Amino acid sequence: MIKPSVYIKDLSKHVGEEVILKGWLYNKRSSGKIKFLIMRDGSGYVQCVVVKNNVDDNVFEIADKITQESSFEVKGKVREEKRAIGGYELDVIDLKLISLSQNYPITPKEHGIEFLMDNRHLWVRSKKQVAILKIRHRIVKAIRDFFDSRGFVLFDPPIITPNACEGTSTLFEIDYFDLGKAYLTQSGQLYAESGAMALGKVYSFGPTFRAEKSKTRRHLTEFWMVEPEMAFYDLDDNMDLAEEFLEYIVQTVLEERREELKELERDTSKLEKVVRPFPRITYDEAVEILRKNGVDFQWGNDFGGGDETIISEQFDKPVMVHRYPAEVKAFYMKRDPQNPKLALAVDVLAPEGYGEIIGGSQREDDLETLIQRIKEHNLPQEYFEWYLDLRRYGSVPHSGFGLGLERTVSWICGLEHLREAIPFPRMIYRNTP
RNA sequence: UCCGCGUUAGCUCAAUGGUAGAGCAUGCGGCUGUUAACCGCAGGGUUGCAGGUUCGAGUCCUGCACGCGGAGCCA
């Protein structure tokens with residue numbers, strides 16, 4: 001057995017005991033005959049104190065020579081220590097070097113983004129990145145827990161698809177044997193709809209791909225999306241669910257990842273406010289807000305990034321904007337019976353300028369109307385025959401939405417850029433490491 | 001695709017058109033409570049690439065490459 005006797009996060013249960021820890025050297029400070037080694041093991045950080053007069057010469061020699069990010073094993077006695085990070089310290093008895101690291105590129109000073117991105121495989125070891133990745137994991141778990149405990153069934157759509165879901169965005173093209181071109185999915189929604197007709201309430205959760213030449217802090221070419229789809233839900237039911245969902249995610253992270261949020265210096269008072277009910281405004285009301293704020297906005301257009309910021313700044317909670325002009329929305333969205341120019345769509349804008357994190361709608365459930373929409377959007381109907389079947393065989397009103405995982409992580413962590421919200425971001429000018 | 005900014009030591013950055021420097025990292029030495037520790041010494045450069053102007057270019061001009069930010073588009 002080579003695994004350590006205990007992990008750093010559990011040291012509080014071992015005060016006064018001798019333990020063996022294994023990990024990497026995060027940083028080292030020294031003051032003559034006493035050396036301070038900060039070990040990280042993935043679960044946390046602990047300061048190991050090596051005093052020359054208390055250890056064998058060869059142990060002190062190792063403490064002297066060990067370099068940043070070298071892997072090592074340490075035997076020592078756990079002691080409470082208010083001065084140290086984490087509140088506990090290890091009085092070192094023995095040290096074993098596992099592998100010496102030489103010239104680790106990421107030093108304890110500042111680095112530029114290009115360098116850090118080139119070294120992303122090492123950058124993920126840094127404190128801030130570790131905190132973000134732990135929060136990302138907790139968000140993913142919260143998402144799954146939320147749906148799993150409410151009668152939803154996980155329904156995995158294909159990644160390789162024969163056509164565009166929405167027909168507009170650019171797709172990544174691949175050669176698919178003798179069948180010609182295929183594409184990487186940009187949404188699992190249409191497939192999720194078939195799942196909803198089979199299982200009632202489903203969600204899909206996986207990577208999606210957009211070959212848009214976007215070059216902003218809000219875009220990745222590969223990102224993760226969770227897409228619930230519910231039979232017998234109208235737009236209001238859909239919004240109720242989205243609201244409860246977001247509250248659950250944010251409050252869960254606040255409860256369970258407080259340490260990590262602190263490490264990121266996140267202003268948690270902003271997150272505390274994310275509780276139901278969220279403001280709900282119509283597209284028309286949003287346009288009014290823009291005009292009051294001096295934006296010369298043309299009715300019928302979609303909101304740009306700057307517009308979204310202005311709208312969301314009016315509120316300290318996520319704001320739900322519903323009933324958009326049908327022209328700017330996808331073909332599958334149902335029109336508002338009260339006003340056929342409007343689609344029963346909803347976007348949820350995160351506060352603090354983080355923009356759209358959810359897009360959803362009630363789906364068109366009438367066969368003839370949907371065929372008409374496909375024609376209007378100049379989409380090849382033959383590719384959508386299977387989708388039309390969902391309206392031929394027991395069509396029901398249904399709704400769903402998609403939540404962008406990285407945008408959610410970015411917002412909750414208070415990040416400047418989406419690229420830190422995923423281990424290995426894929427962007428227009430970067431697909432390495 | 002368009003607009004703006006940038007590219008100097010391993011990293012982060014300085015340097016009126018006139019001998020390329022500092023901090024971190026690395027190596028050596030010092031310090032028994034350090035918190036991005038500190039102090040001393042040392043090594044480390046084809047100034048992104050290709051041209052041009054000039055007695056002289058890191059600095060000015062042209063082109064290219066790469067990066068960053070933004071627009072459009074979107075989660």
Side-chain angles (χ1 to χ4, degrees), chain A residues 26-38 45 47-55 60 63-65 67-69 79 81-86 89 91 101-119 122-123 126-128 165-166 168-171 186-189 207-227 242 301-309 328-330 346-350 354-360 401-411 416-419 421-422 427-430:
Chain A
Y26 193 74
N27 200 1
K28 178 174 79 171
R29 301 182 198 92
S30 139
S31 180
K33 308 259 181 318
I34 181 165
K35 293 188 185 297
F36 304 94
L37 311 182
I38 313 290
Y45 305 82
Q47 178 158 274
C48 310
V49 184
V50 188
V51 178
K52 189 169 171 61
N53 292 342
N54 299 353
V55 296
F60 196 76
D64 190 50
K65 297 295 180 210
T67 53
Q68 190 190 3
E69 285 305 319
R79 179 166 45 76
E81 174 56 72
K82 290 202 173 64
R83 287 175 289 184
I85 52 164
E89 221 173 47
D91 286 324
S101 157
Q102 287 179 355
N103 293 318
Y104 185 70
I106 302 178
T107 64
K109 277 275 181 174
E110 295 162 24
H111 296 284
I113 191 63
E114 185 186 1
F115 179 78
L116 290 170
M117 289 302 298
D118 285 344
N119 289 286
L122 302 175
W123 188 22
S126 301
K127 256 187 186 172
K128 187 180 166 191
C165 287
E166 307 186 13
T168 51
S169 296
T170 330
L171 297 164
Q186 58 178 347
S187 163
Q189 183 209 309
T208 53
F209 307 86
R210 306 264 168 107
E212 293 156 2
K213 295 195 170 177
S214 298
K215 196 180 158 342
T216 81
R217 67 183 69 194
R218 294 191 308 277
H219 289 86
L220 298 171
T221 56
E222 178 183 317
F223 65 98
W224 282 62
M225 189 152 66
V226 57
E227 294 173 284
N301 288 343
D302 208 345
F303 303 125
D307 301 328
E308 286 181 354
T309 302
V328 299
K329 289 294 181 183
V346 59
D347 281 357
V348 183
L349 309 181
Y354 279 92
E356 184 183 350
I357 50 170
I358 282 182
F401 60 83
L403 170 104
L405 178 63
E406 287 74 18
R407 284 189 181 177
T408 305
V409 173
S410 196
W411 162 48
E416 293 282 312
H417 198 299
L418 225 49
R419 64 189 155 210
I422 186 170
M427 295 173 292
I428 178 168
Y429 292 127
R430 175 175 294 275

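In what follows, every chain begins at residue 1, and chains take the letters A, B, ... in the order their sequences are listed. Note that the structure is a prediction, hence the values are computed from the model and not measured.
- Rounding to whole angstrom units, CH2 of residue A:Trp411 and P of B:rA75 are separated by 17 Å.
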Can you give one letter per nucleotide of nucleotides 23-32 of chain B, 5' to 3': B if a protein heavy atom sits under 4.0 Å from the base, S if only from the sugar-phosphate, - if neither?
SSSS-S--BB
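- Put simply, OH on A:Tyr429 is 13 Å from P on B:rG69, counting in whole angstrom units.
- Atom C1' of nucleotide B:rA75 and atom CG of A:Asp347 are separated by 9 Å, given to the nearest angstrom.
- For A:Lys215, the side-chain atoms get nearest to B:rG69 when compared with the rest of B:rG67, B:rG33, B:rG69.
- At distances below 3.5 Å, not a single donor-acceptor pair connects side-chain atoms of A:Ser126 with backbone N or O atoms of A:Lys128.
- Judged by distance alone with a 3.5 Å cut-off, no donor-acceptor contact links the side chain of A:Ser214 to the base of B:rC74.
- The nearest whole Å value for the distance from the CG atom in A:Asp307 to the C1' atom in B:rG72 is 12 Å.
- A:Arg430 comes within 4.0 angstrom of no nucleic acid atom, judged by non-hydrogen atoms across all strands.
- B:rA57: no Watson-Crick or G-U partner with both key distances under 3.5 Å is found in any strand.
- Counting distance only, with no hydrogens placed and no angle test, the side-chain atoms of A:Lys213 and the base atoms of B:rG72 include no donor-acceptor pair under 3.5 Å.
- Of the candidate nucleotides B:rU12, B:rC68, B:rC66, B:rC66 has the atom nearest to the side chain of A:Glu114.
- A:Arg407 contributes no side-chain N or O that, together with a main-chain N or O of A:Tyr354, makes up a donor-acceptor pair within less than 3.5 Å.
- Taking only side-chain nitrogens and oxygens, A:His417 comes nearer than 4.0 Å to OP1 or OP2 of B:rG69.
- For the pair A:Tyr429 (side chain) and A:Lys215 (backbone), a donor-acceptor distance under 3.5 Å is absent.
- Pairing of B:rA22, defined by two Watson-Crick or G-U wobble distances under 3.5 Å, is identified with B:rU12.
- Taking atom CG of residue A:Leu418 and atom P of nucleotide B:rC68, one finds them 14 Å apart after rounding to whole Å.
- Electrostatic pairing of A:Lys52 and A:Asp64 does not count as a salt bridge here, judged by no charged N lying under 4.0 Å from a carboxylate O.
- Nucleotides B:rA9 and B:rA22 are separated by 11 Å at their C1' atoms, to the nearest Å.
- Distance check on atom C1': B:rA71 versus B:rA15 gives 35 Å, rounded to whole Å.
- Only the C1' atoms considered, B:rC5 is 25 Å distant from B:rC74, to the nearest whole Å.
- For B:rU34, the OP1/OP2 oxygens have no side-chain nitrogen or oxygen of A:Arg29 closer than 4.0 Å.
- Protein atom CD of A:Glu416 is 14 Å distant from nucleotide atom C1' of B:rG70, rounded to whole Å.
- Of the candidate nucleotides B:rG33, B:rG72, B:rC74, B:rC74 has the atom lying nearest to any side-chain atom of A:Arg210.
- The environment of A:Lys28 atom NZ is dense: over 12 non-hydrogen atoms of other residues, nucleotides or ligands sit within 6.0 angstrom.
- Put simply, the side chain of A:Asp307 gets close to the backbone of A:Gly304: a donor and an acceptor are under 3.5 Å apart.
- Proximity note for A:His111 (side chain, C-beta onward) versus B:rC68, B:rC11, B:rG33: the nearest is B:rC11.
- Figure legend. B:rU34 is base-paired to no nucleotide; pairs are counted as Watson-Crick or G-U wobble with both atom distances under 3.5 Å.
- Base pairing of B:rG6 is made with B:rC66, judged by Watson-Crick or G-U wobble geometry with both donor-acceptor distances under 3.5 Å.
- Judged by distance alone with a 3.5 Å cut-off, a donor-acceptor contact links the side chain of A:Gln47 to the base of B:rU34.
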Quick one: what's the B/S/- string for nucleotides 43-48 of chain B, heavy-atom cutoff under 4.0 Å, read 5' to 3'?
------
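- Between the side chain of A:Arg407 and the base of B:rC74 there is at least one donor-acceptor pair of N/O atoms closer than 3.5 Å.
- Checking B:rC41 for Watson-Crick or G-U wobble geometry (two distances, each under 3.5 Å) identifies B:rG27 as its partner.
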Let's go through A:Ile106 and A:Gln68 carefully: what are the C-alpha distance in whole Å and the side-chain angles of both, what is the deciding distance for side-chain contact (heavy atoms from CB on, under 4.5 Å) to 0.1 Å, and is it a yes or a no?
CA-CA 9 Å; A:Ile106 302 178; A:Gln68 190 190 3; 5.6 Å; no
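- Remark: side-chain polar atoms of A:Gln186 are not paired, donor with acceptor, to backbone N or O of A:Ala211 under 3.5 angstrom.
- For the salt bridge (Lys or Arg N to Asp or Glu O under 4.0 Å) test, no residue two or more places apart in sequence or in another chain qualifies with A:Arg419.
- A:Ile357 places its CD1 atom 13 Å from the P atom of B:rA75, with the value rounded to the nearest Å.
- The side chain of A:Glu89 has B:rG33 as its nearest neighbour among B:rG69, B:rG33, B:rC74.
- Stacking between A:Phe223 and B:rA75 is shown: the ring centroid lies under 5.5 Å from the centre of the six-membered base ring, and the planes differ by under 30°.
- Applying the 6.0 Å contact sphere to NZ of A:Lys213 captures no more than 12 heavy atoms from other residues, nucleotides or ligands.
- Residue contacts shown for A:Ile38 are absent, as no nucleic acid heavy atom lies under 4.0 Å away.
- With hydrogens and angles ignored, the 3.5 Å screen pairs a side-chain donor or acceptor of A:Tyr104 with a backbone N or O of A:Leu122.
- Between the C1' atom of B:rC74 and the CG atom of A:Asn301 lies a distance of 15 Å, rounded to the nearest Å.
- The closest donor-acceptor contact from the side chain of A:Ser101 to the backbone of A:Thr67 lies at 3.5 Å or more, if one exists at all.
- Distance noted for atom P between B:rG58 and B:rU19: 10 Å (whole Å).
- In this entry B:rA71 has B:rU1 as its Watson-Crick or G-U wobble partner, both defining distances falling under 3.5 Å.
- In this model, a side-chain donor or acceptor of A:His219 finds a partner on the base of B:rC74 within 3.5 Å.
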